[in-house]
Engineer: 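Below: one structure in structure tokens.
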Amino acid sequence: MDPEGKGPPNRPEQSDKAKLKLQQRAERKEAKRVEKAAKAEVAKENKEVKAVGKEAKETKVSKDVSRLPQNIQVDDASVRKKVSKKLEKQNVPERKASDRKVGLFSHLYLYEKSSLKQFTSELQLVNSPIHPAIIKLGLKYAEGRISGSNARCVAMLGAFRRVIVDYKPIDIKSGARETEFDKRKTELDTILKSCISYLGQCRTKSLSMGNAIKYLKDKINSLPSDISVDEAKKRVVNSIDYYVQRSITLPGSEISNLVKGKIQNDDTILLIGYSSLLRKIIIDAHLNAQKRDISFRVIVVDSRPQFNGKVMLRHLVAAGVDCSYILINAISYVMKEVSKVFLSAHALLANGHVLAPVGSAQVALVARAYNVPVLVLCERHKFSERTQTDAFVYNELGDPDDLILPASKSRRPSIGLSSQRNNENLFLLNFLYDVTPPELITMVVTEIGPMPCTSVPAVLRMRQAEGDEPDDGDEPEDKSDDKREYKHDPDIVDYFAKCED
């Protein structure tokens, strides 16, 4: 209606109201659309979270493979609990680890010799899954009577050889689909696992021992199921003999042949500590020098607490080698006389770093300052896929009491550390290995020739590709020549003597 009440209704005013209703309806639709999109986004995120959780659950096995080794997670209570349950299941006593450690090395095991008596008293000698040869070997490890990477690996393989030779099948329960041969392999694998766990409680196994154990397990798992138990035992024993011969005995001879030709007249060779490989190389080089009518001398560097250099010195002097003996704090005074430095290796890591007896890195550093070439002599069975740049992540801790001089040997007993256990703020550190970077190493000499440290990954790939293993039906080779060639190495001779018992 118009203002006077006579005209038609106001058409523009009704048009504005309709537009307002349409606008409000559009806003409500837009709000519903935004709310629906938000709900869909939340549902999508929840679905992705569930998918990630499911994927993490499915890849648990792969994550377990990449986890850190248990022997460098001692400071984790859950890991120690798992290890305790595993040892209890295997009927292996757990050796008490010391808690008096430097904080930086709290993740590593520390076994004191004082705990050995309690450990041995808990051993079950009757109906025990651990072979007597393994028990005897473990005690030698714990007491330090067998040391050195090669010696420990050879002694372990000799003990495993006895375990396999003396193995007799027993009746065990198995699944309905498991064959008789599979039962025997499972039984033997269980026995070997118990033996390995026991040796690990006596002393942390070396990287070369880990490579040998992996080789042995692969040979057992690859046995065909259509052979008898006696034939299987024969093949495994053959594989052990082959590994010792091809990975330790013959490589030592090849490295010796390569190195002795590099020693010239009037050379001065510097060594540190004791190594069966270095001992053989120096003695062979001395015999070769007599034939060539040349002479050289050796400087043996030694350090506390083991004084392994004295053992090296006795062997070299008995062979007629001209030797000098110094402590490690005097290397800077004699390095100017040195023409070559020979170092042994506990392991050669994949990133080119050398894990060697403690003091090797210091010798290499001083040699670098005097521009003296440093040669690392190492067999391929010590090559490891592990990477490491320092001596903190992985190492082996020795008994701190070894650092304490007895009162009879100390010149000033009043300042001794015999009362260090009563001091809550004093912790002694006795680590056995250090890591030498590849920048300080001139060359690594192996049985396949000299190479730089950075060639370790290529050598590992080549070793996997070549598959240098004996045929399953081959007989063990005659070991008389190896025994004659290794007349200077009692570790190898002792192994062959055990095999012939």
Side-chain angles (χ1 to χ4, degrees), residues 148 150 250-303 307-345 354 356-357 359-379 436 440-447 449-452 485-492:
N150 278 347
L250 295 182
S253 301
E254 292 295 330
I255 295 174
S256 177
N257 292 332
L258 290 171
V259 173
K260 66 185 181 183
K262 298 183 179 295
I263 298 178
Q264 305 299 325
N265 191 30
D266 295 331
D267 268 353
T268 301
I269 312 298
L270 187 138
L271 315 174
I272 178 170
Y274 172 80
S275 168
S276 59
L277 178 62
L278 292 183
R279 182 191 64 198
K280 172 180 172 53
I281 290 172
I282 295 299
I283 293 177
D284 288 350
H286 173 67
L287 298 176
N288 183 61
Q290 290 179 337
K291 296 179 182 178
R292 296 164 55 191
D293 196 20
I294 64 174
S295 62
F296 67 93
R297 72 186 187 98
V298 175
I299 299 177
V300 179
V301 181
D302 206 358
S303 63
F307 290 108
N308 291 326
K310 293 182 179 180
V311 181
M312 175 71 82
L313 186 67
R314 283 196 294 267
H315 284 285
L316 297 185
V317 170
V321 181
D322 183 12
C323 295
S324 300
Y325 178 83
I326 64 169
L327 295 180
I328 195 170
N329 55 348
I331 55 175
S332 59
Y333 296 98
V334 300
M335 190 61 71
K336 57 186 177 181
E337 306 173 9
V338 176
S339 56
K340 296 180 181 67
V341 174
F342 289 172
L343 297 179
S344 62
V354 179
S360 300
Q362 181 179 354
V363 170
L365 186 63
V366 176
R368 175 67 177 272
Y370 283 83
N371 293 322
V372 177
V374 178
L375 278 67
V376 174
L377 313 178
C378 177
E379 305 94 333
T436 305
L440 304 180
I441 305 299
T442 307
M443 183 188 304
V444 176
V445 182
T446 69
E447 62 267 30
M451 64 184 66
E485 187 170 356
Y486 255 73
K487 60 184 179 181
H488 301 297
D489 195 338
D491 303 326
I492 305 296

Engineer: Are side-chain heavy atoms of I283 and K280 found at a separation under 4.5 Å?
Structural biologist: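 No - every pair of side-chain heavy atoms lies 4.5 Å or more apart.
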Engineer: Begin with the C-alpha distance, continue with both residues' side-chain angles, and end with the deciding distance and a verdict on side chain to side chain contact (heavy atoms under 4.5 Å, CB included) for L270 and V363.
Structural biologist: CA-CA 9 Å; L270 187 138; V363 170; 3.6 Å; yes
Engineer: What pair of heavy atoms forms the shortest contact from E447 to I255, and how long is it?
Structural biologist: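 Here E447 and I255 meet closest at N-CG1, 3.6 Å.
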Engineer: Looking at CG of L287 and CD1 of I282, how far apart are the two atoms once the value is rounded to the nearest 0.5 Å?
Structural biologist: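 L287 CG to I282 CD1: 11.5 Å, rounded to 0.5 Å.
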Engineer: Please report the closest heavy-atom contact between V300 and G309, naming both atoms and the distance.
Structural biologist: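 Minimum heavy-atom separation between V300 and G309: CG1-O, 3.6 Å.
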Engineer: If we check side chain to side chain contact (heavy atoms under 4.5 Å, CB included) with S256, which of these qualifies: D284, N288, L377, L277?
Structural biologist: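 Only one of D284, N288, L377, L277 forms a side chain to side chain contact (heavy atoms under 4.5 Å, CB included) with S256, namely D284.
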Engineer: Testing the basics here: between G273 and M312, what is the closest heavy-atom pair and its distance to 0.1 Å?
Structural biologist: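 Minimum heavy-atom contact is O-CB, 3.5 Å.
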Engineer: Apply side chain to side chain contact (heavy atoms under 4.5 Å, CB included) to D302 and Y325, showing your working.
Structural biologist: CA-CA 8 Å; D302 206 358; Y325 178 83; 2.7 Å; yes
Engineer: Between CZ of R292 and CD of Q264, what distance do you get to the nearest 0.5 Å?
Structural biologist: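 Nearest 0.5 Å value for the CZ-CD distance: 6.0 Å.
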Engineer: For a quick test of your reading: what N or O donor-acceptor pairs under 3.5 Å do the side chains of residues 338-345 make, sequence neighbours left out?
Structural biologist:
unit_1	atom_1	unit_2	atom_2	d
S339	OG	D267	OD1	3.3
S339	OG	T268	N	2.9
S339	OG	T268	O	3.0
K340	NZ	K262	O	3.3
K340	NZ	D267	OD2	2.8

Engineer: Tell me the closest heavy-atom pair linking M443 and P450, and the distance in Å.
Structural biologist: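 So the two residues come closest at SD-CB, 3.1 Å.
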Engineer: Going by the salt bridge (Lys or Arg N to Asp or Glu O under 4.0 Å) test, which pairs reach into residues 309-338, not counting sequence neighbours?
Structural biologist: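 As it turns out, the salt bridge (Lys or Arg N to Asp or Glu O under 4.0 Å) pairs with a partner in residues 309-338, which skip direct neighbours, are R297-E337.
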Engineer: Would you say that more than 12 heavy atoms from the other residues, nucleotides or ligands in this model lie under 6.0 Å from the CG of D293, or not?
Structural biologist: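 Open: at most 12 neighbouring heavy atoms sit under 6.0 Å from CG of D293.
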Engineer: When you measure from the side chain of T442 to the backbone of V374, do you find a donor-acceptor pair of N or O atoms at a distance under 3.5 Å?
Structural biologist: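 Answer holds: yes.
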Engineer: State, to 0.1 Å, how close F296 and A289 come at their nearest heavy-atom pair, and which atoms those are.
Structural biologist: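 Taking F296 first and A289 second, the nearest heavy atoms are CE2-CB, 4.0 Å.
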Engineer: Who pairs with Q362 by side chain to side chain contact (heavy atoms under 4.5 Å, CB included), at least two apart in sequence or on another chain?
Structural biologist: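 Side chain to side chain contact (heavy atoms under 4.5 Å, CB included) list for Q362, sorted by chain: I328, I331.
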Engineer: Do K260 and I281 have side chains that approach each other closer than 4.5 Å (heavy atoms only, starting at C-beta)?
Structural biologist: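 Heavy-atom side-chain distance check fails, nothing below 4.5 Å.
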Engineer: Determine whether I269 and I299 make a side-chain contact, defined as any pair of heavy atoms from C-beta on separated by less than 4.5 Å.
Structural biologist: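 I269 does not reach I299 side chain to side chain.
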Engineer: What's the verdict on side chain to side chain contact (heavy atoms under 4.5 Å, CB included) for H315 and Y274, showing C-alpha distance, side-chain angles and the deciding distance?
Structural biologist: CA-CA 10 Å; H315 284 285; Y274 172 80; 4.0 Å; yes
Engineer: Are any of the side-chain heavy atoms of P251 and E254 separated by less than 4.5 Å?
Structural biologist: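 In short, these two side chains do not touch, never coming nearer than 4.5 Å.
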Engineer: Which heavy atom of L316 sits nearest to which heavy atom of C323, and what is that distance?
Structural biologist: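 Closest approach of L316 to C323, heavy atoms only: CB-SG, 3.5 Å.
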Engineer: Taking the side chain from N265 and the backbone from S295, do they hold a donor-acceptor pair closer than 3.5 Å?
Structural biologist: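 The answer is yes, because a donor-acceptor pair under 3.5 Å joins these two groups.
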Engineer: Hey, does I441 have a side-chain heavy atom less than 4.5 Å from the side chain of V354?
Structural biologist: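 They are in contact (side-chain heavy atoms under 4.5 Å apart), so the answer is yes.
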Engineer: Between T446 and E379, does a side chain to side chain contact (heavy atoms under 4.5 Å, CB included) hold up when you go through it step by step?
Structural biologist: CA-CA 5 Å; T446 69; E379 305 94 333; over 6 Å; no
Engineer: Would a 4.5 Å heavy-atom cut-off, applied to side chains only, mark V301 and L327 as touching?
Structural biologist: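 In short, these two side chains do not touch, never coming nearer than 4.5 Å.
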